[in-house]
Amino acid sequence: HVSAAIRHAADAGAQIVVIYKGESDRGAVLIKTNNLAGEYSLHQQVYDGARTVFIELVGKTRDEAAVTAALQRARDIDPDCWVLEVEDKQA
């Protein structure tokens, strides 16, 4: 699932970096976005019973520290999670 997210972002022209490598067979996927204009957000991949979707954990903000704190809380809950950062003007 992580490799698919990376390919999808690269195909769309975004830069993507793996910040934390999680367990390959389990663990949530968190995506921190940076729109290159000083705004950040955080999303988590979830399965809704029919498909994989991303829910917003932290909406668009200029407070990168708030996004980092939310990321750390998520990692404390799920140490197996993957964290990706996407840098893209479209975020």
Side-chain angles (χ1 to χ4, degrees):
H1 55 264
V2 172
S3 59
I6 291 171
R7 274 194 312 275
H8 179 73
D11 289 348
Q15 297 294 319
I16 190 164
V17 176
V18 176
I19 297 174
Y20 298 107
K21 279 189 170 185
E23 177 63 39
S24 60
D25 294 331
R26 59 180 182 206
V29 176
L30 300 166
I31 298 184
K32 174 184 175 183
T33 62
N34 174 349
N35 71 357
L36 304 174
E39 296 175 325
Y40 305 88
S41 63
L42 181 64
H43 296 80
Q44 180 174 349
Q45 181 185 42
V46 296
Y47 184 70
D48 72 0
R51 61 191 169 93
T52 300
V53 296
F54 285 88
I55 59 170
E56 187 174 75
L57 299 179
V58 178
K60 193 184 297 184
T61 180
R62 292 191 168 280
D63 187 359
E64 185 177 13
V67 174
T68 300
L71 257 173
Q72 188 56 53
R73 286 191 299 274
R75 289 195 71 231
D76 289 345
I77 293 167
D78 182 3
D80 295 325
C81 74
W82 286 76
V83 179
L84 309 176
E85 182 168 355
V86 176
E87 294 181 342
D88 183 59
K89 291 178 184 177
Q90 304 299 316

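Positions are given from 1 along the sequence. The structure presented is a predicted model; accordingly, all values stated were derived computationally and were not measured.
Expressed to the nearest 0.5 Å, how far CG of L30 lies from CZ of R75 amounts to 9.0 Å. Between the CG atom in L57 and the NZ atom in K32 there is a gap of 13.5 Å [rounded to 0.5 Å]. Note: Q15 CD to L36 CG = 9.0 Å, rounded to the nearest 0.5 Å.
Residues meeting the side-chain contact (heavy atoms from CB on, under 4.5 Å) test with R62, sequence neighbours left out: E39. Taking A70 as the reference, L42, V58, R73 meet the side-chain contact (heavy atoms from CB on, under 4.5 Å) condition, with sequence neighbours excluded.
Between K60 and E56, the shortest heavy-atom distance links the atoms N-OE2, 4.4 Å. Taking all atoms of both residues into account, the shortest heavy-atom contact from G13 to D88 is O-OD1, 4.2 Å.
Considering only heavy atoms from C-beta on, K21 comes within 4.5 Å of W82 through its side chain. Residues V29 and T52 have side chains not in contact (no heavy-atom distance under 4.5 Å, counting atoms from C-beta outward).
V67 and I19 fall within a single hydrophobic cluster, where Ile, Leu, Val, Met, Phe, Trp and Tyr are joined by side-chain heavy atoms under 4.5 Å apart, directly or via other members. V86 and F54 end up in the same hydrophobic cluster when Ile, Leu, Val, Met, Phe, Trp and Tyr side chains are linked at under 4.5 Å. Linking ILVMFWY residues whenever their side-chain heavy atoms come closer than 4.5 Å, directly or via other members, leaves V17 and I31 in distinct clusters. Note on L84: it does not cluster hydrophobically with V53, by side-chain heavy-atom contacts below 4.5 Å among ILVMFWY residues. Taking hydrophobic clusters as Ile, Leu, Val, Met, Phe, Trp and Tyr residues chained together by side-chain heavy-atom distances below 4.5 Å, V83 shares a cluster with V46.
Shown here is Q72, whose CD atom has more than 12 heavy atoms of other residues, nucleotides or ligands within 6.0 Å.
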